[in-house]
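Here's the structure, in structure tokens; my notes come after.
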2 protein chains.
Amino acid sequence: MAELKTDVCSVTAVDAEKVAAVQQKLPQESAVRALAETFKVLGDPTRVRIVMALMLDELCVCDLAALTGLSVSAISHQLRMLRNLKLVKYRRKGKMAYYSLDDEHIEQLIQVAMEHVHE
Amino acid sequence: MAELKTDVCSVTAVDAEKVAAVQQKLPQESAVRALAETFKVLGDPTRVRIVMALMLDELCVCDLAALTGLSVSAISHQLRMLRNLKLVKYRRKGKMAYYSLDDEHIEQLIQVAMEHVHE
DNA sequence: TTAACATTTGAACGATTGCTCAAGTGTTGA
DNA sequence: TCAACACTTGAGCAATCGTTCAAATGTTAA
């Protein structure tokens, strides 16, 4: 009764006050999920390659397939994911679909992450 | 014979020259993988919450469990992953392990990604 | 010593992922 | 109109992921 716990399971929160203060400042559930989704979509070598290629040039699905050595279908699936998360956009020209980056933040993310992996 | 293809499968690379130029500028396999690994580790709501909490304060495993409503074990598994990727570090004080961020780039990544999700 | 505790670890599980394959859509040029 | 083409889509499958549970490690205090 006296003890301040997080009820769910009997975790003995060492510093309940600190925990409460931090919890209050954390963004809400939906923001955290959106953030994780954005990172997750970049968390795959194929998609990183696609994004980095599009940082250099506008490319069609076929180009990206050739570039990565993967099937056109595989690339198309990945592009849909990148499209849904608003990381890439495309323009149609006849049968072709030319893809490019949709957001300047993506290049920043890649840039900063590169710095991290290079220690 | 005359046609320049990317041999692997018979992909009709629309602009072989452009593809070759881009391919040459892309970082090598290992760098791409390391980059993807970094994003992937941030691509989960639980780990995003852990990282954002550690941006605000140094916390022990127990605190993080209380904060997220997950088991201590689950948090410990996730912290190991974050540790392996050098995103967090910890100091021992008796039985406790106090975790904090290991790299200023992480906060930048969170920052930029927040800007992206807020359009 | 021992018991209690904070944390870590390994096995196991259902859920999700990234690919392939086959079939589909829509555009072009013969 | 029709075949060829660029791309998209859905089903299916092996591999990976995130959690739980049980057991282990290591520290503290009695």
Side-chain angles (χ1 to χ4, degrees), chain A residues 3 5-6 8-16 19 32-33 36-37 39-51 58-85 88-99, chain B residues 3 5-6 8-16 19 32-33 36-37 39-51 58-85 88-99:
Chain A
E3 208 143 27
K5 303 195 173 186
T6 339
V8 181
C9 45
S10 55
V11 170
T12 42
V14 166
D15 191 338
V19 168
V32 170
R33 260 210 307 271
E37 283 263 302
F39 285 122
K40 182 184 284 182
V41 84
L42 290 171
D44 171 78
T46 296
R47 290 191 296 267
V48 166
R49 246 185 296 271
I50 291 175
V51 166
E58 183 189 54
L59 295 164
C60 71
V61 179
C62 231
D63 289 339
L64 288 165
L67 197 65
T68 57
L70 290 178
S71 72
V72 166
S73 173
I75 296 297
S76 185
H77 277 297
Q78 302 293 19
L79 284 170
R80 174 162 50 160
M81 197 174 298
L82 292 167
R83 239 161 40 218
N84 289 343
L85 275 271
V88 308
K89 63 182 190 292
Y90 70 110
R91 72 184 169 88
R92 286 217 161 267
K93 179 89 177 295
K95 310 175 202 172
M96 318 284 290
Y98 289 100
Y99 281 82
Chain B
E3 209 143 25
K5 303 195 173 183
T6 339
V8 182
C9 47
S10 55
V11 172
T12 42
V14 166
D15 191 339
V19 168
V32 170
R33 259 210 307 271
E37 284 263 303
F39 285 123
K40 183 186 283 182
V41 85
L42 291 170
D44 171 78
T46 296
R47 290 191 295 268
V48 166
R49 247 184 296 269
I50 290 174
V51 167
E58 184 189 53
L59 295 164
C60 71
V61 180
C62 232
D63 288 339
L64 287 166
L67 199 65
T68 56
L70 289 179
S71 72
V72 165
S73 173
I75 296 297
S76 187
H77 277 299
Q78 303 292 20
L79 283 171
R80 173 160 53 159
M81 196 173 300
L82 292 166
R83 238 162 41 217
N84 289 343
L85 275 271
V88 308
K89 63 181 192 295
Y90 70 109
R91 72 184 168 90
R92 285 218 161 266
K93 179 89 177 292
K95 310 176 202 172
M96 318 285 290
Y98 289 99
Y99 280 81

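Lettering follows sequence order; numbering is per chain, from 1.
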Ignoring backbone atoms, test whether [X] places a side-chain nitrogen or oxygen under 4.0 Å from the OP1 or OP2 oxygen of [N].
| X | N | value |
| --- | --- | --- |
| B:Arg83 | C:dT8 | yes |
| B:Gln78 | D:dC17 | no |
| B:Tyr98 | C:dT7 | no |

- Task: Report the residues that fulfil side chain to side chain donor-acceptor pair (under 3.5 Å) with A:Arg91, sequence neighbours left out, ordered by chain and then residue number.
- Result: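 A:Arg91 satisfies side chain to side chain donor-acceptor pair (under 3.5 Å) with A:Glu58 once adjacent residues are dropped.
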- Query: Does A:Glu37 have any side chain to side chain donor-acceptor pair (under 3.5 Å) partners at least two apart in sequence or in another chain, and if so, which?
  - Reply: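 In terms of side chain to side chain donor-acceptor pair (under 3.5 Å), with neighbours along the sequence ignored, A:Glu37 is linked to no residue.
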- Task: May I ask you to list the residues of residues 40-50 of chain A, by number, that have any heavy atom positioned under 4.0 Å from an atom of DNA chain D?
- Result: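 Close to the strand, none.
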- Query: How far does the helix from C:dT1-D:dA30 to C:dA30-D:dT1 bend, going by the axes of its first and last five pairs, to the nearest 10°?
  - Reply: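 The end-segment axes of the helix from C:dT1-D:dA30 to C:dA30-D:dT1 are tilted 20° relative to each other.
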- Is A:Asp15 reaching over with its side chain to a backbone N or O of B:Asp63, donor-acceptor style, under 3.5 angstrom?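 No, A:Asp15 side chain to B:Asp63 backbone: no donor-acceptor pair under 3.5 Å.
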- Item | Comparing B:Ala74 and A:Ile75 on DNA chain D - which has the more 5′ nearest nucleotide |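 In this pair, the answer is A:Ile75.
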- ring-ring contact (aromatic ring centres under 6.0 Å, His included) involving A:Tyr90 - partner list, sequence neighbours excluded: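 A:Tyr90 satisfies ring-ring contact (aromatic ring centres under 6.0 Å, His included) with A:Tyr99 once adjacent residues are dropped.
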Would you state whether a donor and an acceptor, one from the side chain of [X] and one from the base of [N], lie under 3.5 Å apart?
| X | N | answer |
| --- | --- | --- |
| B:Ser76 | C:dT9 | no |
| A:Ser71 | C:dC21 | no |
| A:His77 | C:dT17 | no |

- Which pairs with one or both residues in residues 39-51 of chain B pass side chain to side chain donor-acceptor pair (under 3.5 Å), sequence neighbours excluded?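 For residues 39-51 of chain B: A:Glu29-B:Arg49, B:Arg47-B:Gln78.
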- Of A:Lys95 and B:Cys60, whose closest DNA chain C nucleotide lies nearer the 5' terminus?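 Looking at the nearest nucleotide for each, B:Cys60 comes out on the 5' side.
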